[in-house]
Amino acid sequence: MGCPRRYPALVYLLLATLLPVTGSKRSAIGALPPSQWSSVRAAVRRHAGRRTAALLPSHPPTRAQYLYAEQHILAPAIDTLQDAFKELAHRQPSDEAPDHPW
């Protein structure tokens with residue numbers, strides 16, 4: 001079975017969403033320095049409670065942890081994730097297409 005994961009799948013999904021913005025996996029991981037990671041933990045605490053936030057390690061995942069998760073957690077669910085993304089993207093108003101004709 002192996003060791004239990006230290007991070008929930010949502011953490012890896014968050015990093016995956018940073019890839020188009022940062023341009024690389026290394027940059028996406030670097031976008032979560034300890035100061036930003038504490039903000040992520042604070043948001044988890046606000047939305048999911050103290051117990052859930054306490055389960056997160058005090059530091060963000062490493063690149064190696066992300067690469068492993070990408071292959072073993074995200075890749076098997078890629079079709080589901082892409083479908084959910086497309087559905088949410090269609091619901092978002094476009095910044096480039098204003099509602100007014102002028």
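Counting begins at 1 with the first residue of the sequence.
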State, to 0.1 Å, how close Tyr12 and Pro61 come at their nearest heavy-atom pair, and which atoms those are. CE2-CB, 4.0 Å
Looking only at heavy atoms, which two atoms of Pro76 and Gln71 are closest? And how far apart? CD-O, 3.5 Å
Heavy-atom nearest pair, Ile29 first then Thr62, reads CD1-O, 4.0 Å
From Arg41 CZ over to Thr52 OG1, what is the distance, rounded to the nearest 0.5 angstrom? 12.0 Å
Under 4.5 Å between side-chain heavy atoms, hopping through other hydrophobics if needed: is there a path connecting Leu19 to Ile78? no
For the student: nearest non-hydrogen atoms of Leu15 and Ala28, plus distance: CD2-O, 3.7 Å
If you compare all heavy atoms of Leu74 against all heavy atoms of Ala16, which two are closest, and at what distance to 0.1 Å? CD1-CB, 4.0 Å
Going from OG1 on Thr17 to CG on Leu10, what distance comes out if it is rounded to the nearest 0.5 angstrom? 9.0 Å
What is the distance from atom CZ of Arg63 to atom CZ of Arg26, rounded to the nearest 0.5 Å? 4.5 Å
Can you tell if the side chain of Ser27 reaches within under 4.5 Å of the side chain of Val21, non-hydrogen atoms only? no
When rounded to the nearest 0.5 angstrom, what is the spacing between CG in Leu18 and CG in Leu32? 6.0 Å
Quick one: do Tyr68 and Tyr66 end up in the same hydrophobic cluster if we chain Ile, Leu, Val, Met, Phe, Trp and Tyr together by side-chain heavy atoms under 4.5 Å apart? no
Check: Tyr7 and Leu55 side chains under 4.5 Å, non-hydrogen atoms: no
Can you give me the closest heavy-atom contact between Pro57 and Arg6, atom names plus distance? CD-O, 3.4 Å
All pairs passing salt bridge (Lys or Arg N to Asp or Glu O under 4.0 Å) where residues 79-88 contributes a residue, at least two apart: Glu87-Arg91
